[in-house]
Amino acid sequence: MIKNRLKVLRAERNWTQTDLAESVGISRQAVISIEKYKYTPSLELAFNIAKAFDVSINKVFVPEEDEEQ
């Protein structure tokens, strides 16, 4: 499973789910689904999310086995 840090990154920036959704062109419901691991974003969307946060993709999405390192 690929873990994500969307909630943490949003909190650091005081962004709502709507703020993130609007910045990458998806619905708020899609953000909720990604945060709850019900939806895995496409590679293009994952890069767009990382770009919105101005971080590398591996700062947003982390393979579960790498999470403890």
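A quick note: this is a predicted structure, and the numbers were derived from the prediction, not measured.
By the side chain to side chain donor-acceptor pair (under 3.5 Å) test, S56 pairs with N58, sequence neighbours left out. Listed by chain and residue number, nothing satisfies the side chain to side chain donor-acceptor pair (under 3.5 Å) test with D54 (two or more places apart in sequence, or in another chain).
Taking hydrophobic clusters as Ile, Leu, Val, Met, Phe, Trp and Tyr residues chained together by side-chain heavy-atom distances below 4.5 Å, V60 does not share a cluster with I32. Linking ILVMFWY residues whenever their side-chain heavy atoms come closer than 4.5 Å, directly or via other members, places I2 and I26 in the same cluster.
In this structure, R28 contributes its side chain and A21 its backbone to no donor-acceptor pair below 3.5 Å.
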Distance-only donor-acceptor hits, side chain of residues 38-52, under 3.5 Å, sequence neighbours excluded:
{"unit_1": "S42", "atom_1": "OG", "unit_2": "L45", "atom_2": "N", "d": "3.1"}
{"unit_1": "N48", "atom_1": "ND2", "unit_2": "E44", "atom_2": "O", "d": "3.4"}

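Distance check, rounded to the nearest 0.5 Å: NZ of K3 to OH of Y37 gives 4.5 Å. Between the CG atom in L9 and the CG atom in N4 there is a gap of 9.0 Å [rounded to 0.5 Å]. Rounding to the nearest 0.5 Å places CD of Q29 at 12.0 Å from CD1 of I34.
For residues 13-22, every residue pair satisfying the side chain to side chain donor-acceptor pair (under 3.5 Å) rule, not counting sequence neighbours, is listed here: T16-D19, Q17-E35.
A side chain to side chain contact (heavy atoms under 4.5 Å, CB included) with K59 is found for exactly one of V55, V62, I57, namely V55.
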